[in-house]
Amino acid sequence: MDDHAPLEGAGIEEPLDLVRLSLDERIYVKLRGDRELRGKLHAYDGHLNMVLGDVEETITVVDVNEETAEEVIRIVKRNCEMLFVRGDGVILVSPPSRA
Amino acid sequence: MLFYSFFKTLVGQPVTVELKNDLAITGVLVSVDQFLNIKLDNIKVVDEERYPHMLAVKNCFIRGSVVRYVQLPAPSVDTALLQDAARRERQQPAAGGRK
């Protein structure tokens, strides 16, 4: 069974192995629809379906003022203790930026 | 398969399913299938002011592909078990995986 079973830190053969190394770590996920998540990765699969804990969601909304045609960028934040994310909305997964 | 099994363990729990059209529905999880289609009972639309269309609907079937998030009751989620399962799923990819 473990003829070449990748161990922690070893056996990075495919991109998803990098996601495996983030298990139990906080990650940044960029999603379709100008959404971003930061949370602790508890599980994922090959579709990039994920379960995240202590999640902060950031939604960027651009409001266009009717009269002046001015674009006002509004940032909405939401928190959730435990969240399942469907993989088809995922654009990228990365360690969270320090900023 | 991981998330299918995971959701099966949450049957009977209250969850909030957020759809890709922003509609959020809270209800008791009745059943799930391999596509992560979801059946909910005792449903309530989270923002009824904005979406009054389903006031009379008691239960529903949600096609898996239209789900964006599922908010889960954190105490019912065994995160250590999930992480173990995610690691194991990587080592022996489910049937249908390449190589």
Side-chain angles (χ1 to χ4, degrees), chain A residues 1-27 29 31-37 39-57 59 61 76 78-90, chain B residues 1-10 13-24 26 29 32 34-38 46-47 62-99:
Chain A
M1 160 191 154
D2 55 354
D3 43 338
H4 57 276
L7 297 165
E8 287 285 314
I12 302 178
E13 291 165 14
E14 47 172 305
L16 276 176
D17 291 335
L18 288 170
V19 182
R20 192 191 67 237
L21 296 179
S22 297
L23 276 168
D24 207 24
E25 306 280 345
R26 287 192 78 76
I27 56 165
V29 184
L31 296 166
R32 288 168 158 258
D34 297 316
R35 285 160 193 270
E36 299 169 310
L37 300 174
K40 196 182 205 189
L41 182 66
H42 291 306
Y44 71 95
D45 67 9
H47 304 285
L48 286 181
N49 292 323
M50 290 182 273
V51 169
L52 301 177
D54 291 318
V55 192
E56 182 187 69
E57 182 188 14
I59 312 169
V61 192
V76 183
R78 291 196 307 176
N79 288 282
C80 181
E81 232 184 321
M82 197 58 69
L83 189 71
F84 166 81
V85 183
R86 192 171 164 94
D88 59 359
V90 174
Chain B
M1 228 65 233
L2 194 166
F3 289 101
Y4 170 47
S5 318
F6 169 61
F7 276 112
K8 278 201 288 187
T9 69
L10 293 175
Q13 303 282 342
V15 296
T16 301
V17 181
E18 183 177 320
L19 310 184
K20 288 183 177 140
N21 64 2
D22 289 337
L23 182 69
T26 301
L29 186 62
V32 197
Q34 53 165 331
F35 304 109
L36 306 185
N37 296 323
I38 291 174
V46 173
D47 189 353
I62 300 169
R63 184 176 156 103
S65 64
V66 302
V67 172
R68 179 187 292 136
Y69 303 135
V70 183
Q71 290 169 236
L72 310 163
S76 320
V77 177
D78 184 339
T79 55
L81 197 73
L82 258 183
Q83 289 174 20
D84 275 3
R87 288 204 176 86
R88 254 180 284 121
E89 180 124 322
R90 254 334 25 233
Q91 282 175 20
Q92 25 180 265
R98 277 133 303 202
K99 84 170 175 181

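Owing to the predicted nature of the structure, the values given are computational and were not obtained by experimental measurement. Order of the sequence lines sets the chain letters (A, B, ...), proteins ahead of strands, with each chain counted from 1.
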At what distance, to the nearest 0.5 angstrom, does CG of Asp84(B) lie from CG of Asp24(A)? 10.0 Å
Side chain, backbone, both or neither: which part of Ile59(A) has an atom under 4.5 Å from a heavy atom of chain B? neither
Okay, Ala74(B) and chain A: the region with an atom under 4.5 Å from a heavy atom over there is both
Residue Asp78(B) versus chain A: region with a heavy atom under 4.5 Å: neither
Options Val17(B), Leu82(B), Val70(B), ranked by heavy-atom pairs under 4.5 Å with chain A, top entry: Val70(B)
Min side-chain heavy-atom separation Arg87(B)-Leu23(A) under 4.5 Å: yes
Using a strict threshold of under 4.0 Å (side-chain N to carboxylate O), is an ion pair present between Arg78(A) and Glu18(B)? yes
Among Thr16(B), Leu2(B), Val67(B), which residue has the highest count of heavy-atom pairs closer than 4.5 Å to chain A? Val67(B)
Closest non-hydrogen atoms of Ala86(B) and Ala43(A), given as atom of the first, atom of the second and distance, are CB-CA, 3.9 Å
When you look at CD of Glu56(A), are more than 12 heavy atoms from neighbouring residues, nucleotides or ligands closer to it than 6.0 Å? yes
Is there a side chain to side chain contact (heavy atoms under 4.5 Å, CB included) between Met82(A) and Thr79(B)? Walk through the geometry before answering. CA-CA 10 Å; Met82(A) 197 58 69; Thr79(B) 55; 3.8 Å; yes
Here the pair of heavy atoms bringing Arg35(A) nearest to Tyr69(B) is CD-OH, 3.9 Å
Side chain, backbone, both or neither of Asp45(A) within contact of chain B (heavy atoms, under 4.5 Å): both
Closest approach of Val51(A) to Phe6(B) (non-hydrogen atoms, all atoms of both residues): CG2-CE2, 3.7 Å
For the CG atom of Asn49(A) and the OH atom of Tyr4(B), what is their distance to the nearest 0.5 Å? 15.0 Å
Where Gln71(B) and Cys80(A) come nearest, the two heavy atoms and their spacing: CG-SG, 3.6 Å
Rounded at 0.5 Å granularity, tell me how far CZ in Arg68(B) sits from CG in Leu31(A). 8.5 Å
Are Leu36(B) and Phe84(A) packed together at the side-chain level, in the sense that at least one heavy-atom pair is separated by less than 4.5 angstrom? yes
Between Glu57(A), Lys40(A), His47(A), Arg32(A), which has the largest tally of heavy atom pairs under 4.5 Å with chain B? Glu57(A)
